[in-house]
Each structure stands twice: as structure tokens, then as C-alpha cells.
Amino acid sequence: MRAFLSDFLSALRGNRRALAGGLILAGYLLMALIGPELIPLDPTMRYAERFRPPSLAHPLGTDYAGRDVLAQIVHGSRDVLAIAVLTALFTTSLAVGIGALAGYSGGMVDAFLMLLTNIQLTVPAVPVYLLIGSVFQVRDPIGFAALISLWMWGPLARAVRSQILSLKEREFVEAARVLGLGTAHILLRELFPNLTPFVVIHFIRIMRDAITASVGLIFLGLAPFSPTNWGTMLNLAVFQTGAIYIPNALHYVVAPMAVIVLFQLGAIFFAHGLDEILNPRLRAPA
Amino acid sequence: MRWIRRVLLAALTIWLVASITFVVVEQAPGDIFYLMAQEIAQTRGVSIEVAYAQVRSMVGYDPTRPLLDRYLEWLGELLRGNLGFSYFYRISVNQILFQALPWTVFVLSISLLLSFGIGALLGLVIAVRRRSWLDPLITSYASLTDATPDYLTALLLLILFALNLKWFPSKGAYDSSLTPGFNLPFILSVFHHAALPILAYTLENIGAWALAMKGSAISVLGEDFITFARARGLPERRILTHYVGRNAILPMVTGLALAFGGMFGGSVLIETVFHYPGIGWFFKFALDHRDYGMMRGLLILTTAAIVLANLITDFVYPLLDPRIRMED
């Protein structure tokens, strides 16, 4: 494990894009973990100071009620990242479970699971989230992550299935079967380790998609359970306070947008770089 | 035989989605009907019990009847083309949908053709000229648009071109002072209003199409028939359009239906941002008014539209690509 880590870190150092992406993601993680302790959130409304431009006291300006925008971004990051990580955990487990079961069992089980997967891939996610989310009234990050995971596992499940299909014909799996090892052992100890790099990259992609989806849904007005979620900030700016019509308030709209795009870029670079590191065939000759 | 299987699978998909949405909406908190009853009781001056009975018969919601009965009745209506009842407007969802769907399909099909056409052209160019400045530019552009959710692109366009520069209107599908019909001012107004939504989808998707086309074209460039065409001394331009382009674009056609589906889902956010009265806008409207009946109808219609688009692609693709026809 330690050898793997040091090997991984040196490969990361050699890959500038992966390094940049990794640093950006680490920055967001720090912001979510310790940011709220460092920058206090003051909810007092001071309408005389509304929509102040960025300054030393307020690096990202103030909102419609004179409150610091930076503090809201920092406090919101905890909520946004919690949903992203939880969704990635739920979705990955669901997708690996469904994909592995379908690929390994074959037959009717496979046909049924692939039908479900096709339906998931066909029916667009946003309307599904809105219908289910408003009927069941999601109220917290865990519920929200569960909602998003419900309609996001398709691509990974399909990819895992085809990986399992090709892996299960290899000699080492046949050897394990001849040795009389059980299905659980073959799946967990022989097949899954081969999927790890590939699942890690999907994990990052799912985090990205989860942020796009959750911020978008909260922006639309579904489940506004956190006042500082970036989606809530956008919702307030666009639908509630008329900030988009006020030229002076541009910073209030752009701040949540910018943190979302920067996170996505970091994740894209990191995933792309990881792909190059973990997949030796893509690794550029040193 | 293969076609029958495809059509059955499409029908099965729509039926499953419809049934799941039926069950989900059944779980909806019942107080929505009570709220409606309260409103009716106030406006018509009847007692709350009478109003509640009225609402239940109007919506066709009678909790005393067994679930299976209600499901079968609802399914029968669905088969006859009735997508259900809007709790808010108290009319069949069909009237709303058939007014809204053309706008969404109009914007989506133009955006799809534009982004596909421009993207494929750019992809072809960078596949052939690998060392030009255009390649890194398009790759960065694709990463940037991949990183920007479509609703943020839409929001930026709205703020910049509609609210600040005022080049384009910020709501509606046409100028309400004009009479809808086949006259030039109306058609111009329709395009003027659709321009920003179309631009949002197109900007968002060009990069992905360009990268897909680049990959596809590079693999075609390695084929022997390209070397042979060059050896025959055919002009480079003709090789690019007739030999590389035509072969490289075919595998991407199957992606069109998939992209159409993705854009359909995204229309809820985009149409809300631009106040564009397509089915996405009505979905947001239904969300705000907790109109589960309308949401259910919209979701079934959206699914049907995408399944149909997939089916059409499946039928058309073999006509375009003789290699697939041979394999059948």
C-alpha cells in the first residue's frame, strides 16, 4: 500500500494536469472541512449595505441583505460537497452491485437488470428528480444524495457489467473456480480489485454530476433545506430578489457560478490525469 | 423480427415509467386536494366537505376505491391518449402539453442540428490538422463547456444579452402583440425569442460533438481506402468530405437520440431561465404549484418523446450505413 502511494504520488508529480486538478479538489475539501470555523457567517440583515462590490472587508461583496457573500460560499460548500460525496458513495455502490450481478449471473437476471439500466439511461434525470423529490419531500443532504443516486447509476453499471463479462473469462478467475472458491470470494477478491482504478475515476465524475444536479434542483426551488447552498444562492439571486436585474449585484450571481465551474474543472483535470496515471497505456513516455 | 423486439421494448419502457410514476404520485401528501377544496369552498361558498367531494371527483382521486381499480382506469385513459389531469388548471394535461411541446421540440431540434453540424465540421478539421492552433483551442473549449452546467451558460447569456445589452427578449416565445400565424413579423419574433435558448444549448454541446468527431475521423484516417484514395491522386478536399467525413459522421448519428434525450431533461432548467413556455417551463410551474398530475403527464410525455427518437434513430441508421444493413 505504501509502495503504491509513493508510486502514485510521484506519478502525480509528473502529471501537471492531474496535480492542478488534485490541488483544486483539495482546496475545496479544506474549504468545506475547516472553512466554516475560520469565516463566521453573520446572518444579520443590513439593507443599507446591500449589493456592495468586492472590497477588503467583503472579498466577494455583499448580498441583497448586506451579508458577506464569501462567508455564504464557504458555509455552503460543506452542504454541496456532502451531497456530492454521499451521492458518489451511494451511486458507486449501487452501480457496481447491479453491474457485477448482471455481468456475473447472465441469463434472466442480466436481461432484467439491463432493461432497468436502459430505462434509467433513457428517461431524463431532472424531471425524475423533481417528481420524486417533491412527492417525498427531501429535507437533508442524505435524502438528497439518495434521490440523485436513484437516477445516476446507469452508465457505471453498464461499464462494470462489460468489464466483468471480459474479466470472468480470464484464466485467473477460472483457476479460482477450479480451486472451488465461492462466488463471493471470486467477486470480492478476484474481480473487484481489477475494477478499482476505473471505479475511482467514475467516482469523481459522479461527484461532478451530483453537484451539477443538486445545485440545479435547489436553484429550481426543490428542497431549499440549506440557506447557504450555492443552489439556494442562485435561486435567491434569480427568482426571489431580482439581483440579476441589478448591474451592481453581478458579483452575487457570479460568485456561486464561479465556484461551481472551478470545482468542475478541477475534477475534470484530476480524473483525466488519474486515467493517464492508472492506465499505463495512456501514460506519456517520460 | 428485430424491429418487433425494438418496438415492444419501447412500449415496455413507456409502460414501466408510466406505472412507476402512477405509484409515486399515489404517495403524494394528500393535503394538496384539501388545499384545493378549501379554495373552492371559499370562492363558491360551499361547505368544505362538499368541496372536497367535488375535488375528488374532478381529479378522479377516490381513496376508498382499490388502488388496482384506479390504476387500470388511469392506464385505460393513458392508452386513449389522455395524459392525466392538472391539479392546478383543473383541465386535462393534454391541452397544456400540446401547446407547450412544439416550442420545446422547435428549440431542441434547431440546437441539435446546429451543434452537431458545427461540432462535426470542427472535429473533422482538427482531426486532419492535428498540429494547428485550432486543436488545443477546441479541446480547452470542450473542457470549459463540460465544466459549466448548461443552466449556468443559459443564466450568463440571459444576464449579458437579454438583461444588460437588451439585444434579445428575456421571456416568452413571441411578441404577444403579434397574431400567431404564417406572417413574417411573427416568424421573426419567434426566432428572436428562441435565439438565446438555442445559443445556450448549442454553445454547450459543440465541444463534445467536435471531440467525438475528431476521435471518429482519426480512426477513419487510418483506413486503407484513405491511403488508396490519396494514391489515386484525388484532391484532398474531396477525400475529406466524401471519404473521411461521410464515414466518420455515421457512428455519431446514434449519439443524436441520446443527446436529444439529455437536452429534453435539461429543458426544465433552460426554459425556466429564459421563461420560454415549453414543457420544461411547465414542469417548473408544476413544481411550484405542487401539481403532481401535471408533472406525471409531462414525465410520461418526455419519456415517450425520447423513446420515439431512439426508435427513429434505430430505423434510420441502417438506411444511412450499409455496413450495418449487411450485418443484419
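Residue numbers begin at 1 in each chain, while the letters A, B, ... track the order of the sequences.
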Determine yes or no for a side-chain-to-main-chain donor-acceptor pair under 3.5 angstrom, with R161(A) supplying the side chain and G103(A) the backbone.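 No, R161(A) side chain to G103(A) backbone: no donor-acceptor pair under 3.5 Å.
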Okay, side chain of H272(A), backbone of I268(A): is any donor-acceptor separation there less than 3.5 Å?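 Side chain of H272(A) to backbone of I268(A), a donor-acceptor pair under 3.5 Å: no, none is there.
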With sequence neighbours left out, what residues match D140(A) under salt bridge (Lys or Arg N to Asp or Glu O under 4.0 Å)?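 Not a single residue meets the salt bridge (Lys or Arg N to Asp or Glu O under 4.0 Å) criterion with D140(A).
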With distance as the sole criterion, is a donor-acceptor pair present between the side chains of E204(B) and T153(B) under 3.5 Å?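 There is such a pair between these side chains.
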Engaged part of [X] at the chain B interface, taking heavy atoms whose separation is under 4.5 Å:
X	value
F239(A)	side chain
L265(A)	both
V238(A)	side chain

Just to verify, what does H251(A) make a ring pair (Phe, Tyr, Trp, His ring centres under 6.0 Å) with, not counting sequence neighbours?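 So H251(A) forms no ring pair (Phe, Tyr, Trp, His ring centres under 6.0 Å) with any residue.
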Which region of [X], side chain (C-beta onward) or backbone (N, CA, C, O), has a non-hydrogen atom less than 4.5 Å from a non-hydrogen atom of chain A, or is it both or neither?
X	result
L152(B)	both
L158(B)	side chain
V24(B)	both
D146(B)	both

Could you please spell out the steps behind the side-chain contact (heavy atoms from CB on, under 4.5 Å) verdict for W281(B) and Y276(B)? CA-CA 6 Å; W281(B) 188 86; Y276(B) 196 79; 5.8 Å; no
Taking [options] one by one, which has the highest count of heavy-atom pairs under 4.5 Å against chain A?
options	result
I20(B), T148(B), L269(B), L9(B)	L269(B)
G262(B), G265(B), S267(B)	G265(B)
N310(B), L287(B), T303(B)	L287(B)
L155(B), L144(B), T302(B), L298(B)	L155(B)

When the aromatic ring centroids of Y129(A) and W151(A) are compared, is their separation below 6.0 Å?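 Here the rings of W151(A) and Y129(A) have centres that are no less than 6.0 Å from each other.
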L30(A) atom CG, over 12 foreign heavy atoms within 6.0 Å: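 Correct, the count exceeds 12.
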Most heavy-atom pairs under 4.5 angstrom with chain B, which of L250(A), V215(A), L234(A)?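 Ranked by heavy-atom pairs under 4.5 Å with chain B, first place is V215(A).
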Looking at chain B, which one of L262(A), V128(A), V261(A) has the largest number of heavy-atom pairs inside 4.5 Å, strictly under?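 If we count pairs closer than 4.5 Å to chain B, V261(A) comes out on top.
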Which atoms form the tightest heavy-atom contact between V268(B) and K284(B), and what is the distance?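 Minimum heavy-atom contact is CG1-N, 4.4 Å.
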